[in-house]
Amino acid sequence: MASAADKRVKETVEYASAHPEVKQPYAELGLKENEYEEIKKILGRRPTSAELAMYSVMWSEHCSYKSSKVHLRKFGEQVTDEMKKNLLVGMGENAGVVDIGEGWAVTFKVESHNHPSYVEPYQGAATGVGGIVRDIISMGARPVAVMDQLRFGRIDHPDTARMVHGVVSGIGGYGNCLGLPNIGGETIFDPVYQGNPLVNALAVGVMKHEDIRLANASGTGNKVVLFGARTGGDGIGGASILASEPFDDTKPSKRPAVQVGDPFAEKVLIECCLELFHAQVVEGIQDLGAAGISCATSELASNGDGGMHIALDDVLLRDPTLTPEEILMSESQERMMAVVTPENLQRFEEIAQKWEVEYSVLGEVTDTGRLVIEWHGDVIVDVPPRSVAHDGPVYDRPYQEPSWTAEVRANTVRAAGLSYPTGGAELGNTVIEMAKSPNLCSRDWITKQYDKYVQGNTAMAFPDDAGVIRVNEETGLGVALATDANGRYCFLDPARGAALALAEAHRNVATAGAQPLAVTDCLNFGSPEDPEIMWQFVQAVDGLAAACKDLGIPVTGGNVSLYNQTGSAAIHPTPVVGVLGVFDDVSRRTPSGFREAGQTIYLLGTTYDELDGSAWADVMHNHLGGVPPEYRPEQEKELAQILINASRDGMIDTAHDLSEGGLSQALVEACVRFGMGARVWLDEVCERDGIDLFTALFSESTARAIVAVPRSEEVRFKDMCTARGFAFARIGMTDAGPSNSASLELVDHFSLPLDELASAHGGTLPRLFD
């Protein structure tokens, strides 16, 4: 009996040319009618079924960025020569690369795996980690750390437990098996993510400058080698089907489109790749993620000399019944494609065999300017590779401001008349309620499932404001990473919300003591076919691009994730922003918790009446309206330099940024971090800034931080702030308390024992998910 593959062998280029009348399922593969007609125009005939498969995945929203390209260009347009000075590889490659000094470079990137994680939480999250790690490998770097940025639905919804357990287990299971420390991230709960959670993963790798590798296929006659895991039926159509349209409960299950990961295979693949790079036997390399072989062949050919000839029969398969279309579309994990000179092929094979990594030589680079793929000797693909990989459709979609924005922005905290605490007991109770709320409580239940210190180079990790990795053990050179996003702010004002996400990540890196250098982003939005959603996207890109220029740090790459909605219910616009910074010596890093008694606590920055979109409004009143806090780039830059200089010169022992939850939450986290109490007074701040005590505690004004300064350093520290003209106020002292019975005390108002605070802060997630 003929196999499914044999039945399709007649769908050759010759057959397609001779039979234009054959109806093809382009719509089922996610292509619009106009896109299908454009493919026929490019080819001068109808596509073969294999060509249709390639175009469908490569022209999907997830792979082609067809709705976002016209706006993403703004990131490049805003980059100045000064911003480029540390940039070795920018947007357009698998990941950006930044020069950090001493001949070292760092590559980092964040990407989404949202839809697969909703369908199959464990594998969706696990392969999200695996995919972003392979992007790092493909640049020539050794992966050294990962982070994750998670958004789930209502914390007590029955389906949220399924998502949390699956996603956290997937991230931990894959990352821990790879031996990569997870050094930070975010976890947010909000009903808007109930039908469309967000699972964004970030990876960072290190290399010497000379080790940088790019994804291109150059050199006529060079061999094209597929190596790693065998190709199976998992993940077929994952990019086009799962990530390029909204969820619709009325449609069939999409479970078969979720990839299945094997972290042990990826660990071996990492070591194999690094030895191949060290032996200098690879001319170009590309990981196989979204769109699989379709992506790897077309992108390598398009980026190189423009031609490639492939024999698809030579792909090693887990399932011999796969059709050529399925082989081209499969997103099986743990695979890479390399371009190798004939002279180096034997050495390549020796290294692959040493690591017991399977490989097959699929073809070679040509000078024809065509990507030609054969199956059993018949040509089933003959296309200009650039038309597949880079010259797909580009849409300048219509956008308009939602009709409801004026009403929502008018509904401020003050206009809504929300009641707020006044007396000491009420203020103290509010501090506790905030500390144990789902989005401010301790994430230890999650992060304890991740290995933070494997490899031995983690200098700092969650719950500190930024993760810190040592790069050079001899000099202490290292990097800090922080990611942030606030969907509530972006709902109220997408441009300002995106700028504030960058500002907070920038502030967190500086709080740790590192100089911010570069940005990666993952832009999570609803359907671009909705003009109001598209307006949110355009606004966010504009705001983020302008803020990058303000702060002098370029976007090096990232990801756009659209269609994050179920039916017509879209998520809040959620641009996740990651900032990378550099340390000359990570031994000077600054933790976010109080450690020594008798140190002076200073509040840096000015506090304004800015409670719209705040955690207090959410936790205590379930209110979302008004406008987010002001974005203050000049103050952010000045604050950053104060924090960096103070850390480098040993003037501060603790630094914690102020963001969600304001001063109240920063003090709680600084106290419970190492069990050190504090006595605080805010009269001077209230009088200076013209605010009441409630506002001083819960406002989310930007460009602020608290620091703990040893008494021996107070004069130097104050002189530095005064010289820079930056607002600061002495607001308290760290205090171990009698017999180590420490508390957080707001003098003359309340005193909260630390054991009570720690129990409230740390008990929420275990109570719900254990």
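Just so it is clear, the structure is predicted and the values come from calculations on it, not from any experiment.
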**Message:** Does any part of the side chain of Phe583, heavy atoms only, come nearer than 4.5 Å to the side chain of Arg589, both counted from C-beta?
**Reply:** yes
**Prompt:** In this structure, are over 12 heavy atoms from other groups packed under 6.0 Å from Gln280 atom CD?
**Reply:** no
**Item:** Heavy-atom pair with the smallest gap, counting every atom of Asn114 and Val199
**Value:** OD1-N, 2.8 Å
**Request:** Taking His113 for its side chain and Ala125 for its backbone only, find out whether a donor-acceptor pair lies under 3.5 Å.
**Result:** no
**Under 3.5 Å: donor-acceptor pair, side chain of Thr48, backbone of Ile380** = yes
**Asked** Do Asn472 and Glu102 have side-chain atoms, one donor and one acceptor, less than 3.5 Å apart?
**Response** yes
**Item:** Rounded distance [0.5 Å steps], CG in Asp382 versus NE2 in His309
**Value:** 9.0 Å
**Asked** Between Met58 and Ser298, what is the shortest heavy-atom contact and its length?
**Response** CE-OG, 3.7 Å
**Item:** For the student: nearest non-hydrogen atoms of Ala141 and Gly205, plus distance
**Value:** CB-C, 3.9 Å
**Message:** Has Arg318 got a side-chain atom pairing as donor or acceptor with Arg230's backbone, closer than 3.5 angstrom?
**Reply:** yes
**Message:** Can a side-chain donor-acceptor contact be found between Trp355 and Glu271 if the only test is distance below 3.5 angstrom?
**Reply:** no
**Asked** Side chains of Thr127 and Tyr174: is there a donor and an acceptor less than 3.5 Å apart?
**Response** no
**Complete:** In terms of heavy-atom contacts, Ile183 and Lys452 come closest through CG2-O, 4.3 Å
**Check: Ser360 side chain, Leu362 main-chain N or O, donor-acceptor pair, under 3.5 Å** = no
**Item:** Under-4.0 Å salt bridge between Lys85 and Glu82
**Value:** yes
**Asked** Applying the side-chain hydrogen bond (donor to acceptor under 3.5 Å, both in side chains) test to Asn182, which of Thr458, Asp148, Asp451, Thr447 qualifies?
**Response** Asp148
**Request:** May I ask you to check whether Arg335 and Thr231 show a side-chain donor-acceptor distance below 3.5 Å?
**Result:** yes
**Asked** Met207 versus Trp104: any side-chain heavy-atom pair under 4.5 Å?
**Response** no
**Prompt:** Going by an N to O cut-off under 4.0 Å, is there a salt bridge joining Glu61 and Lys66?
**Reply:** no
**Heavy-atom donor-acceptor pair, Ser330 side chain to Gly232 backbone, under 3.5 Å** = yes
**Message:** Is it the case that the side chain of Asn524 and the backbone of Cys522 share a donor-acceptor pair, with hydrogens and angles ignored and the cut-off at 3.5 Å?
**Reply:** yes
**Prompt:** Counting only heavy atoms not in Glu210, do more than 12 fall under 6.0 Å of its CD?
**Reply:** yes
**Message:** When you compare the side chain of Met308 with that of Val372, does any pair of heavy atoms fall below 4.5 Å?
**Reply:** no
**Message:** Quick one: does any side-chain atom of Gln353 pair with a main-chain N or O of Glu350 as donor and acceptor, under 3.5 Å?
**Reply:** no
**Request:** Would you indicate whether the side-chain heavy atoms of Asn559 and Leu523 approach each other to under 4.5 Å?
**Result:** no
**Prompt:** Would you find a donor on one side and an acceptor on the other, under 3.5 Å apart, between the side chain of Asp484 and the backbone of Ala505?
**Reply:** yes
**Asked** Are Glu111 and Lys109 close enough for a salt bridge, meaning some N to O gap below 4.0 Å?
**Response** yes
**Prompt:** If you measure from the Lys or Arg side-chain nitrogens to the Asp or Glu carboxylate oxygens, is any gap between Lys267 and Glu334 under 4.0 Å?
**Reply:** no
**Prompt:** Taking Gln286 for the side chain and Thr297 for the main chain, is one N or O donor matched with an acceptor at less than 3.5 Å?
**Reply:** no
**Request:** Give a yes or no on this: more than 12 heavy atoms of other residues, nucleotides or ligands lie within 6.0 Å of atom CG of Asp211.
**Result:** yes
**Asked** Taking C-beta and beyond as the side chain, do Val361 and Asp314 meet within less than 4.5 Å on heavy atoms?
**Response** no
**Asked** Is the number of heavy atoms from other residues, nucleotides or ligands within 6.0 Å of NE2 (His278) greater than 12?
**Response** no
**Message:** What I want to find out is whether Arg213 reaches Glu283 closely enough, with some N-O distance under 4.0 Å, to be called a salt bridge.
**Reply:** no
**Asked** Between Tyr55 and Ser387, does a side chain to side chain donor-acceptor pair (under 3.5 Å) hold up when you go through it step by step?
**Response** CA-CA 9 Å; Tyr55 279 107; Ser387 73; 2.8 Å; yes
**Asked** Looking only at heavy atoms, what is the nearest atom pair of Val381 and Ala50, with distance?
**Response** CG2-CB, 3.8 Å
**Prompt:** Under a 4.5 Å cut-off applied to non-hydrogen side-chain atoms, are Leu178 and Glu266 in contact?
**Reply:** yes
**Asked** Is the closest side-chain heavy-atom distance between Met337 and Ile285 below 4.5 Å?
**Response** no
**Asked** Strictly by modelled atom types, are Asp367 and Thr220 linked by a side-chain donor-acceptor pair under 3.5 Å?
**Response** no
**Request:** For the residue pair Val89 and Thr556, establish whether any side-chain heavy-atom pair is separated by less than 4.5 Å.
**Result:** no
**Asked** So, the side chain of Thr12 versus the backbone of Val379: is there a donor-acceptor pair under 3.5 Å, distance only?
**Response** no
**Asked** How close do Ala291 and Val57 get, heavy atom to heavy atom, and via which atoms?
**Response** CB-CG2, 3.8 Å
**Prompt:** Does a donor on one side chain and an acceptor on the other come within less than 3.5 Å for Asn344 and Thr341?
**Reply:** yes
**Asked** Are the aromatic ring centres of Phe462 and Tyr450 under 6.0 angstrom apart?
**Response** no
